[in-house]
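A short worksheet on the structure shown next.
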Amino acid sequence: MRGELNAGERMWSSSQASTRGVMEMGRVEAGPSHFPKKPAPRNLARANLSRIYAVKSCSIGNRTGLSLGQCYHKISSTCKCNLGWSSQPSRGLSDHFRGYSSASEAVLTSQSDFRKLLVGNEKIGVLLLNLGGPETLDDVQPFLFNLFADPDIIRLPRLFRFLQKPLAKFISIVRAPKSKEGYASIGGGSPLRQITDAQAEALREALCEKDVPAKVYVGMRYWHPFTEEAIEQIKRDGITKLVVLPLYPQFSISTSGSSLRLLESIFREDEYLVNMQHTVIPSWYQREGYIKAMATLIEKELTKFSEPQKVMIFFSAHGVPLAYVEEAGDPYKAEMEECIDLIMEELEKRGITNPCTLAYQSRVGPVEWLKPYTDETIIELGQKRVKSLLAVPISFVSEHIETLEEIDVEYKELALESGIKQWGRVPALGCEPTFISDLADAVIESLPYVGAMAVSNLEARQSLVPLGSVEELLAAYDSKRDELPPPVIVWEWGWTKSAETWNGRAAMLAVLALLVLEVTTGEGFLHQWGILH
């Protein structure tokens with residue numbers, strides 16, 4: 001688990017941070033190679049590099065320019081991009097920029113004039129995507145059903161996909177009692193909706209202060225307000241330009257990917273939405289404002305310890321199934337590691353050189369998830385006589401069950417039982433001003449290319465996301481999983497990696513066999529319990 005960084009002062013779960021692209025100065029390769037199986041070599045000059053997806057704001061002398069695509073540049077140098085999904089801006093944008101002579105970007109000397117140019121008579125909307133959470137204890141079981149009925153959460157073989165909803169029903173009923181206990185311990189429901197609504201209002205105000213009037217909507221994947229409800233309101237408001245902003249800093253198939261797959265299917269079924277100009281900001285973990293906001297929260301919490309310099313900074317991220325990363329090319333792990341690297345670099349600039357480690361929480365089911373696991377890592381740190389631990393919920397920007405109950409209660413108790421004497425936890429970002437202002441800047445930077453990816457007709461099959469990353473990732477998982485060699489070839493018992501994989505397969509086959517029997521015979525305890533009818 002341990003790797004050495006910066007003269008041995010830092011430890012974390014991986015020896016190097018991966019980058020999301022295969023980079024040579026001035027060139028980025030598009031396509032599946034965006035998500036390498038092995039970590040890309042770390043660029044030692046990365047402190048002088050900046051990266052944005054979809055739109056890049058570049059500095060040229062004292063002027064500001066914009067360019068499209070995944071872009072790397074050195075400060076005060078020309079921005080060079082290899083565009084993976086569109087080499088031309090939309091026609092309307094071309095008309096706006098016709099008077100400018102640069103081949104790669106339009107240089108505007110006034111930010112205010114530029115923003116007025118972007119907005120014009122358009123009705124701009126921002127759609128925030130999030131997971132959602134049950135607001136009452138009665139909502140827990142139907143929320144869990146919606147979660148496990150998503151094929152991006154539980155993937156069944158094609159032959160058994162008709163069992164997706166019965167299996168989701170079964171799992172949700174079995175898990176509901178324990179989940180209700182967790183939600184009861186944090187007040188009887190998730191605060192995620194209230195916090196996300198507050199973030200939406202704060203973002204609207206920040207955009208207004210930056211001379212970009214916009215309406216901000218919230219679309220939850222598994223509970224109210226559902227994405228479908230948000231889209232209906234967007235249509236009623238007559239929005240003409242839409243920026244889609246998942247509230248997940250790092251991209252994953254199971255979070256942003258699932259929400260965008262749903263959104264794409266909604267767009268294709270509605271003529272108004274098909275013709276509405278839109279763009280997506282797929283991930284934003286590397287943005288300066290986000291990194292600085294996280295570093296500030298960590299710095300503040302460290303001061304509460306008796307010996308701040310001896311505190312282990314413990315990044316705990318939401319886990320994803322290992323197969324998503326190893327087989328489907330999900331960039332989540334690479335983006336998470338790079339995100340932590342950037343945060344630690346920012347802390348070092350402030351004179352903070354604490355050791356850090358990364359682990360993954362919230363795994364579900366018997367299949368193997370990203371390791372190391374948070375609970376196992378806490379025990380190991382206690383055995384290594386770590387006495388002070390500061391937990392950082394790195395993949396969460398809002399407080400919810402995973403932070404308020406899983407981290408604050410379960411992991412804290414485990415840490416104290418494991419010999420850790422001092423425990424602290426960094427709060428989720430919520431409406432932290434630097435964070436919200438940076439999200440507003442991300443929206444503004446994406447506006448010049450709203451419409452560049454707009455679907456032109458009902459039969460179109462292009463992706464919503466720059467470089468087609470969502471479709472590429474999902475297609476790669478669906479088409480290549482059967483072609484890849486199995487992760488293990490020997491049956492083992494116990495808790496080894498091989499055994500864990502086989503145990504998961506055996507458990508899934510047993511559940512599927514039970515469901516097939518119930519569906520075909522119409523009898524069994526699932527019918528007796530009313531799960532199946």
Side-chain angles (χ1 to χ4, degrees), residues 12-24 28-43 46 49-56 69-72 82 84-85 129 131 152-153 155 244-261 264 280-287 290-291 315 317-343 358-360 362 368-371 394-397 442 463-481 484:
W12 66 335
S13 67
S14 180
S15 60
Q16 287 184 323
S18 300
T19 58
R20 194 182 176 182
V22 179
M23 193 215 13
E24 298 175 5
V28 179
E29 296 179 2
S33 61
H34 278 160
F35 314 106
K37 298 296 182 182
K38 296 181 180 180
R42 182 179 176 187
N43 188 340
R46 191 179 58 194
L49 293 174
S50 178
R51 181 175 63 186
I52 292 288
Y53 298 99
V55 173
K56 183 66 215 177
Q70 186 172 348
C71 173
Y72 294 81
N82 181 26
W85 52 269
L129 300 177
L131 185 79
D152 284 317
I153 299 297
R155 286 178 170 263
V244 181
L245 178 58
L247 284 177
Y248 309 105
Q250 305 83 14
F251 180 91
S252 175
I253 293 171
S254 58
T255 53
S256 304
S258 175
S259 293
L260 293 173
R261 189 206 288 267
E264 195 166 41
V280 178
I281 303 173
S283 67
W284 36 269
Y285 67 94
Q286 80 292 8
R287 291 190 61 86
Y290 167 71
I291 296 299
F315 292 97
H318 199 290
V320 300
L322 183 63
Y324 284 21
V325 174
E326 291 192 345
E327 298 180 28
D330 194 327
Y332 178 74
K333 181 175 182 289
E335 293 193 358
M336 184 62 66
E337 291 175 353
E338 186 180 5
C339 177
I340 291 171
D341 198 13
L342 292 170
I343 292 172
L358 166 66
Y360 297 91
S362 307
E368 187 173 10
W369 284 52
L370 283 180
K371 290 183 177 181
I394 186 61
S395 54
F396 310 102
V397 298
S463 174
L464 283 170
V465 180
L467 306 177
S469 56
V470 166
E471 285 191 351
E472 286 176 2
L473 286 170
L474 297 175
Y477 186 84
D478 292 337
S479 64
K480 293 183 179 180
R481 61 181 304 185
L484 295 173

Side-chain contact, heavy-atom cut-off 4.5 Å: Ile253 with Tyr332? no

Any side-chain heavy atom of Thr255 within less than 4.5 Å of one from Val320? no

Between atom [atom1] of [X] and atom [atom2] of [Y], what is the distance when rounded to the nearest 0.5 Å?
X      : Y      : atom1 : atom2 : result
Ile343 : Ile291 : CD1   : CD1   : 4.5 Å
Ile281 : Ser256 : CD1   : OG    : 11.5 Å
Phe315 : Tyr360 : CZ    : OH    : 12.0 Å
Tyr248 : Ser395 : OH    : OG    : 10.5 Å
Asp330 : Gln250 : CG    : CD    : 11.0 Å

Work out which heavy atom in Pro246 is nearest to a heavy atom in Val280; give both atom names and the distance. CD-CG1, 4.5 Å

Indicate the atoms forming the closest heavy-atom contact of Ser254 with Tyr324, along with that distance. CB-CE2, 3.8 Å

Run the side chain to side chain contact (heavy atoms under 4.5 Å, CB included) test against Pro249 and tell me which residues pass, sequence neighbours left out. Trp284, Tyr285, Tyr290, Val397

Could I get the full list of side chain to side chain contact (heavy atoms under 4.5 Å, CB included) partners for Ser362, not counting sequence neighbours? His318, Glu402, Glu406

